Amino acid sequence: MRKIFFSLLFIFFITLVIAPYFSGLLIQKNYERFIAVMNDSEHVRVRAVEFQRHWWTTDAVFQIEIISPYLKSLQFSQVIHSVMKVPVVTLKQHVFHGPIFYHSTAIFPYFIGLASIQNTMQTSAEIPPEYSQDMVTLTGKYIKPIFFNGLKINYPDNGFSFSLGNVKGKWILSPGLNKIAGDFLISNFSFKTDEDMFSFSQLQWSFHYKKSESGLWVGKSSFQTPEINFNQSDDVKLSLLNVKMRSVSDEINAFLEGSREITIEKIKLNDEGMGPLYAEASIVSFNAKEVVSLLDAYKKILQFGELYESQLKQKINLSLPKILTAHSEIRLDNFALATPKGKLVAQGAVSWPHQYEMKNSDLSDLQEAANFKLSVRVSKTLADLVIKSASKMPYFFKVTPEQQEELQQLENKINANARQNAMTLVYFVQQGWLSEDAAEKLLDLQKTEENADQYREYLRHLMLKREITLASSYILGWRYSLVTKSIDELEQSAQSIYTNTEKQLRDQFNQWIKIKYVQEDAEDYVIGIRRADGINK
């Protein structure tokens, strides 16, 4: 019995001594594969600055440069680059070779793994380094717990501020780097510039993705948040309350299928509110390889820009007939919205005949061959509001070449009058008749028509304080009136186009009522439209 005990103890001791060496070899191999996969991405570029493998530990230093084309396409990207300088992250890792045993720790209460990794990440001199600990399981899964206690960045000169509260969660990467999962709880996020602000109080996000044969990442994800706020120059204040979103996608026999579901308890736009909103949509039998091809083209255009005008639009027009197959279907499974003006409920689907050949089709052929069905129930009051709103959307109103030339001339007139007014202000400053601060204030008030009364009131204020003469206030008021007059002319011309468009939409709607596409049911309109084999029914 004693021999067996000492034999087991000896084997255990040898394992603890020998295993770390082979564990280090395996870790090095995984590092090489990880760097290769990351550099194959269009989002980051990874470079090993230092890599030293010892018997018991490994030390590595990496530089990770963020080159994502999506970042370049963001409205805030210029602010981010001006504040953060070069988006490069330095990552230092100290790896303890396994087997690793943990018991009753804050991060891993019970854990047996292949390695433990201590990270030090430095993003910029302005931000303190982040420390974290990761684990590699015996099966090779990489587990990264996230415990982040907040970050605040404020650059008044750039008009930029960023804050983030606590972040808790983890993400798990498979040994083959073809599966990734995560679960996060993020609190008190805020991003502000001089003109825009985006924020949420809390966000719970989870996902589980795998890489399909075509190269698409498919799987499940969900997030929910009690509130999302977006403000734009004090003109648009949008709040979404109790938002829940779920997505599912999969690739089956080279075809992509998926669904999206969103629920919003309340939507507040400035002082108007509506909700709840529920929407669910799905796609069936999309050509996965052609989807990848279109996404790759889209990423390149984001990164390098369009080589010629409407390059992206032309690429979409050429790709859609290849993406859609004779079994493809786009469904609006459910849509329901409650508003103060009544409810809107809709369902619909677009599909193509099984015998239809897609390969040599263009977008117009695709539209002509489509079968679709749509059923809508909407309150009469809400329908009236939708028609009024649609008349001001570019998709619906048509501008003749003569009208377009007239609008262009009026816009040029506005710009000319605005420049003349600005030049007058500059001249007054040069002559000492107006202070630079007062001129800057007047220029700011000139930017939006809503500040017309404030502009005139500020001129009156300057005159009463004797910062300008009565004659100067008359000249500046007259020059500014030319700006507002030209804006009024443009709005009147545009309003006539909106009015004509609204009349055409109402005439079309009344015609649908007459031919029974639209039927009246008490206080609602019921719309049922079907198209099959090129015939509307």
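Values in this document were obtained by computation on a predicted structure and should not be read as measured data.
Scanning for side chain to side chain donor-acceptor pair (under 3.5 Å) contacts around Ser375 gives an empty result, with sequence neighbours left out. Phe184 is linked by a ring pair (Phe, Tyr, Trp, His ring centres under 6.0 Å) to Trp205, counting only residues two or more places apart in sequence or in another chain. Residues satisfying the salt bridge (charged side-chain N to carboxylate O under 4.0 Å, His left out) criterion with Glu520, sequence neighbours excluded, are Lys380. Applying the ring pair (Phe, Tyr, Trp, His ring centres under 6.0 Å) test to Tyr209 and every residue at least two apart in sequence or in another chain returns nothing. Not counting sequence neighbours, Lys220 has no partner by the salt bridge (charged side-chain N to carboxylate O under 4.0 Å, His left out) test. A search for side chain to side chain donor-acceptor pair (under 3.5 Å) contacts involving Lys168 returns nothing, not counting sequence neighbours. Judged as a salt bridge (charged side-chain N to carboxylate O under 4.0 Å, His left out), and not counting sequence neighbours, the contacts of Asp384 are Lys388, Arg506. Taking the side chain to side chain donor-acceptor pair (under 3.5 Å) definition, one finds that Ser259 meets it with nothing, sequence neighbours left out. Scanning for side chain to side chain contact (heavy atoms under 4.5 Å, CB included) contacts around Leu374 gives Val376, with sequence neighbours left out. Annotation: side chain to side chain donor-acceptor pair (under 3.5 Å) contacts of Ser214 (sequence neighbours excluded): Ser212, Glu251.
Residue Thr339 holds its OG1 atom at 7.5 Å from CG of Leu385, rounded to the nearest 0.5 Å. Between atom NZ of residue Lys170 and atom CD1 of residue Ile172 there is a gap of 4.5 Å, rounded to the nearest 0.5 Å. A distance of 12.0 Å separates CD in Glu280 from CD1 in Ile262, rounded to the nearest 0.5 Å. Taking CD1 of Ile323 as the reference point, atom CG of Leu294 lies at 4.5 Å (rounded to 0.5 Å). Note that NZ of Lys343 and CE of Met274 are 15.0 Å apart. Values are rounded to the nearest 0.5 Å. For the atom pair Lys503 NZ and Ile387 CD1, the distance stands at 13.0 Å (nearest 0.5 Å).
The shortest distance between side-chain heavy atoms of Leu216 and Lys211 does not fall below 4.5 Å. Between Phe372 and Ile529 the shortest side-chain heavy-atom distance falls below 4.5 Å. The shortest side-chain heavy-atom distance between Phe335 and Leu277 falls under the 4.5 Å cut-off. Counting only heavy atoms from C-beta outward, the side chains of Val518 and Val526 never approach each other to under 4.5 Å. Counting heavy atoms from C-beta on, the side chains of Asp521 and Arg377 come closer than 4.5 Å. A 4.5 Å side-chain heavy-atom check between Tyr278 and Asn334 finds at least one atom pair inside the cut-off.
No donor-acceptor distance shorter than 3.5 angstrom exists from the side chain of Ser199 to the backbone of Ser190, with no hydrogens or angles considered. Between the side chain of Asn270 and the backbone N or O of Lys237, at least one donor-acceptor pair lies under 3.5 Å.
Ring geometry for Phe189 against Phe200 counts as parallel: the plane angle stays under 30°, on a 0 to 90° scale with 60° as the upper cut.
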Only distances under 3.5 Å count here; give the side-chain donor-acceptor pairs of residues 239-250 to other protein atoms, sequence neighbours excluded, each with its distance to 0.1 Å.
from	atom 1	to	atom 2	distance (Å)
Ser239	OG	Asn229	OD1	2.6
Asn242	ND2	Glu265	OE1	2.6
Asn242	ND2	Glu265	OE2	3.4
Arg246	NE	Glu261	OE1	3.2
Arg246	NH2	Glu261	OE1	2.7
Ser247	OG	Ser221	OG	2.6
Ser249	OG	Gly219	N	3.2

With a 3.5 Å cut-off and sequence neighbours excluded, list the donor-acceptor pairs that the side chains of residues 281-292 form with protein atoms.
from	atom 1	to	atom 2	distance (Å)
Ser282	OG	Asp333	OD2	2.8
Asn287	OD1	Lys289	N	3.2
Asn287	OD1	Glu290	N	3.3

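Atom CG of Asn253 has 12 or fewer heavy atoms from other residues, nucleotides or ligands within 6.0 Å. Atom CD of Glu523 has 12 or fewer neighbouring heavy atoms from other residues, nucleotides or ligands inside a 6.0 Å radius.
Shortest non-hydrogen contact noted between Asn178 and Trp217 is O-CZ3, 3.5 Å. Ala383 approaches Val378 most closely through the heavy-atom pair N-CG2, 3.9 Å. Annotation for Phe198 and Ile228: closest pair CE1-CG2, 3.6 Å, computed over non-hydrogen atoms. Here the shortest heavy-atom pairing between Ser379 and Gly342 reads OG-CA, 3.4 Å. Across all their heavy atoms, Glu329 and Ser351 have their closest contact at CG-CB, 4.0 Å.
Here the options are Asp524, Leu344, Leu337, the test is side chain to side chain contact (heavy atoms under 4.5 Å, CB included), and the partner is Leu382; only Leu344 passes.
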Quiz item: When you look at Ile186 and Asn166, which way does the side-chain contact (heavy atoms from CB on, under 4.5 Å) test go after all the steps?
Solution: CA-CA 6 Å; Ile186 307 168; Asn166 296 328; over 6 Å; no
Quiz prompt | Derivation and outcome, side-chain contact (heavy atoms from CB on, under 4.5 Å), residues Phe509 and Leu505 | solution = CA-CA 6 Å; Phe509 195 77; Leu505 291 175; over 6 Å; no
Exercise. List the steps, then state whether side-chain contact (heavy atoms from CB on, under 4.5 Å) holds for Lys268 with Leu238.
Key: CA-CA 6 Å; Lys268 292 176 64 178; Leu238 176 66; over 6 Å; no
Practice problem: Output, in order, the C-alpha distance, side-chain angles, deciding distance and verdict of side-chain contact (heavy atoms from CB on, under 4.5 Å) for Thr225 and Gln204. | Solution: CA-CA 6 Å; Thr225 176; Gln204 188 168 357; over 6 Å; no
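Under the 6.0 Å cut-off for aromatic ring centres, Phe223 and Phe207 do not qualify, their centroids lying 6.0 Å or more apart.
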